[in-house]
Trainee: 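Encoded as structure tokens, here's the structure I'll be asking about.
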Amino acid sequence: MTTVRAKDLAKEAEMTLAGKTVVVTGGASGIGAAVARLLARDGAAVVIGDLSSDGASVVESFAQDGAVVDFIRTDVTDEQSVARLMDDTMEKFGRLDVLVANAGVPEQKGPVHELDLTTWQRVLDINLTGVVLCNKHAVAKMLQSGGGSIINMASILAHVGQANSTAYSAAKAAVVNFTRSAALTYAQQNIRFNCVSPGYVSTPLLAELPATTRAQMLGKMPIGRLLQPDEIAEVVRFLASDRSSSLTGSVINADGGYTAA
Ligand SMILES: NC(=O)c1ccc[n+]([C@@H]2O[C@H](COP(=O)([O-])OP(=O)(O)OC[C@H]3O[C@@H](n4cnc5c(N)ncnc54)[C@H](O)[C@@H]3O)[C@@H](O)[C@H]2O)c1
């Protein structure tokens, strides 16, 4: 009997997001799907906003665990689509407490003198403007909910350069400094803004890259392996919860030591 009670208390203590509503963009795959799953298990109502209709099957798989999850097809580069994501979330759950602006794409690598402006613009639209639009419309709702926590997904390439990876690096570096300035703007209004900068994580985004590139990536990870999406989700969980109340304008490098070198 005592054991059961102790277990219940432990479970309650782990439910750090009970009563909170979370929007995760790019939650149909990889890191976003892991974040959505972990935060839902932690008691949050989670809304996945993703361009891919795979989001619907991700939601079905979580719902079997009794999680409260929803999928709203969203293009983060389209302001109306982003506004609808936040409006529908508020209508259904009555509040928005956490945004994980995670949707992102890799780039077709190449030297600057061969830069194709359409490709450059697409990477900037999704990886930077998409984050900004989601932050804009989430903040408007968080001001109504009395505060919130925003986690923007950056990358190690926000902090170090990589040959032939200019658009992605530029977009991610801009996300970091956008986050810092937004943190200062809303510091008195109980809305915290932080970034996570993952190292190389084993997701479909990496699977799209050539095998030689993936082998080079592995060689650059001091811990000698690629990270798993769940490891990044743990960091996001901390930033989403009130346990990280002292952090705003911060960047956590969840990178297996990559940027320590
Ligand atoms: N995988 C890594 O090694 C790594 C490393 C550092 C940073 N990141 C970042 O983490 C985030 C997630 O990456 P991942 O590896 O899980 O990728 P992934 O490809 O597995 O998932 C990305 C998701 O974003 C969605 N998406 C793409 N364009 C969108 C749009 N316009 N609107 C809405 N959704 C859109 C995709 O449909 C997909 O579900 C990205 O921002 C990425 O840059 C990944």
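It should be emphasised that the depicted structure is a prediction, and the values quoted were computed from it without experimental measurement. Whatever order the structure lists ligands and atoms in, that order sets their numbers, starting from 1.
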Trainee: Provide the number and element of each atom of ligand 1 under 4.0 Å from a heavy atom of Thr74.
Mentor: 32 (N), 33 (C)
Trainee: Would you kindly say whether Ser165 and Glu107 are connected by a side-chain donor-acceptor distance under 3.5 Å?
Mentor: yes
Trainee: How about Ser29 and Pro204: do any of their side-chain heavy atoms sit closer than 4.5 Å?
Mentor: yes
Trainee: Any idea which protein heavy atom is nearest atom 24 (O) of ligand 1, and the distance to it?
Mentor: Gly26 CA, 3.5 Å
Trainee: Give the residue, atom name and distance (to 0.1 Å) of the protein heavy atom nearest atom 34 (N) of ligand 1.
Mentor: Leu51 N, 3.3 Å
Trainee: At less than 4.0 angstrom from any non-hydrogen atom of Ile31, what atoms of ligand 1 do you find?
Mentor: 10 (O), 16 (O), 44 (C)
Trainee: Under a 4.0 Å heavy-atom limit, does Thr203 contact ligand 1 with its side chain, its backbone, both, or neither?
Mentor: side chain
Trainee: So which of Leu133, Val201, Asn102, Ile156 gets nearest to atom 11 (C) of ligand 1, if we judge by its closest heavy atom?
Mentor: Asn102
Trainee: Regarding Asn102 and Thr25, is there a side-chain donor-to-acceptor distance under 3.5 Å anywhere?
Mentor: no
Trainee: Give the contacting part of Leu206 toward ligand 1: side chain, backbone, both or neither, where contact means a heavy-atom distance below 4.0 Å.
Mentor: side chain
Trainee: Just do the side chain to side chain donor-acceptor pair (under 3.5 Å) check on Thr16 and Asp42 with the steps written out, would you?
Mentor: CA-CA 6 Å; Thr16 51; Asp42 218 10; 2.7 Å; yes
Trainee: Suppose we measure from atom 6 (C) of ligand 1 to each protein heavy atom; which comes out shortest, and what is that distance?
Mentor: Pro198 O, 3.4 Å
Trainee: Is there a heavy atom of Pro106 sitting under 4.0 angstrom from any atom of ligand 1?
Mentor: no
Trainee: Give a yes or no on this: more than 12 heavy atoms of other residues, nucleotides or ligands lie within 6.0 Å of atom CZ of Arg122.
Mentor: no
Trainee: List ligand 1 atoms under 4.0 Å from Met153, heavy atoms only on the residue side.
Mentor: 9 (C), 10 (O), 11 (C)
Trainee: Go through the steps to decide whether Asn135 and Asn152 satisfy the test side chain to side chain donor-acceptor pair (under 3.5 Å), and finish with yes or no.
Mentor: CA-CA 9 Å; Asn135 278 236; Asn152 292 326; 2.9 Å; yes
Trainee: Would Met217 count as a contact of ligand 1 if the rule is a heavy atom under 4.0 Å away?
Mentor: no
Trainee: How about CZ on Phe93, more than 12 heavy atoms from neighbouring residues, nucleotides or ligands closer than 6.0 Å, or not?
Mentor: yes
Trainee: Can you report which non-hydrogen protein atom sits closest to atom 4 (C) of ligand 1, along with the distance?
Mentor: Gly199 O, 4.0 Å
Trainee: Just checking, is any N or O donor in the side chain of Ser52 or Asp50 under 3.5 Å from an acceptor N or O on the other one?
Mentor: no
Trainee: Would Phe193 and Phe178 count as a close aromatic pair, with their ring centres under 6.0 Å?
Mentor: no
Trainee: What atoms of ligand 1 come within less than 4.0 Å of a heavy atom belonging to Gly30?
Mentor: 16 (O), 20 (O)
Trainee: Go through the side-chain N and O atoms of Thr119 and Asp116 and say whether any donor and acceptor fall under 3.5 Å apart.
Mentor: yes
Trainee: Among all protein heavy atoms, pick out the one at the shortest distance from atom 36 (C) of ligand 1; state its residue, atom name and that distance to 0.1 Å.
Mentor: Asp50 OD1, 3.5 Å
Trainee: Within a reach of under 6.0 Å around CD of Gln108, are more than 12 heavy atoms found that belong to other residues, nucleotides or ligands?
Mentor: no
Trainee: Could you report the tightest heavy-atom contact between Pro198 and Met153, atom names first, then the distance?
Mentor: CG-SD, 3.6 Å
Trainee: For ligand 1, which is the ligand I care about here, please tell me if Val76 has any N or O atom under 3.5 Å from one of the ligand's N or O atoms.
Mentor: yes
Trainee: Under 4.0 angstrom from ligand 1, any heavy atom of Pro204?
Mentor: yes
Trainee: Give the atom numbers and elements of ligand 1 that come within less than 4.0 Å of a heavy atom of Lys172.
Mentor: 40 (C), 41 (O), 42 (C), 43 (O)
Trainee: Quick one: look up the protein heavy atom nearest atom 13 (O) of ligand 1 and list residue, atom name and how far away it is.
Mentor: Leu205 CD1, 3.8 Å
Trainee: Using the rule given for side chain to side chain donor-acceptor pair (under 3.5 Å), can you reason through Thr259 versus Asn253, listing the C-alpha separation, both sets of side-chain angles and the distance that settles it, and then say yes or no?
Mentor: CA-CA 8 Å; Thr259 50; Asn253 295 350; 3.1 Å; yes
Trainee: If I compare all heavy atoms of Asn127 with all of Gly104, which pair ends up nearest, and what's the gap?
Mentor: OD1-CA, 3.1 Å
Trainee: Find all atoms of ligand 1 within a distance of less than 4.0 Å from any non-hydrogen atom belonging to Tyr168, and give their numbers and elements.
Mentor: 6 (C), 7 (C), 8 (N), 9 (C), 42 (C), 43 (O)
Trainee: Quick one: does Thr25 get within less than 4.0 Å of ligand 1, heavy atoms only?
Mentor: no
Trainee: Would you mind checking which non-hydrogen protein atom is closest to atom 35 (C) of ligand 1, with the distance to 0.1 Å?
Mentor: Ala103 CB, 3.7 Å
Trainee: Considering only non-hydrogen protein atoms, determine which one is nearest to atom 20 (O) of ligand 1 and report residue, atom name and distance to 0.1 Å.
Mentor: Ser29 OG, 2.6 Å
Trainee: Applying a heavy-atom cut-off of 4.0 Å, say which part of Ala154 lies close to ligand 1: side chain, backbone, both or neither.
Mentor: backbone
Trainee: Could you tell me which atoms of ligand 1, counted from 1 in the order shown, lie closer than 4.0 angstrom to a heavy atom of Asp75?
Mentor: 30 (C), 31 (N), 32 (N)
Trainee: What atoms of ligand 1 come closer than 4.0 angstrom to any heavy atom of Tyr200?
Mentor: 3 (O)
Trainee: Which atom pair, heavy atoms only, marks the closest approach of Arg180 to Val251?
Mentor: NH2-CG2, 4.0 Å
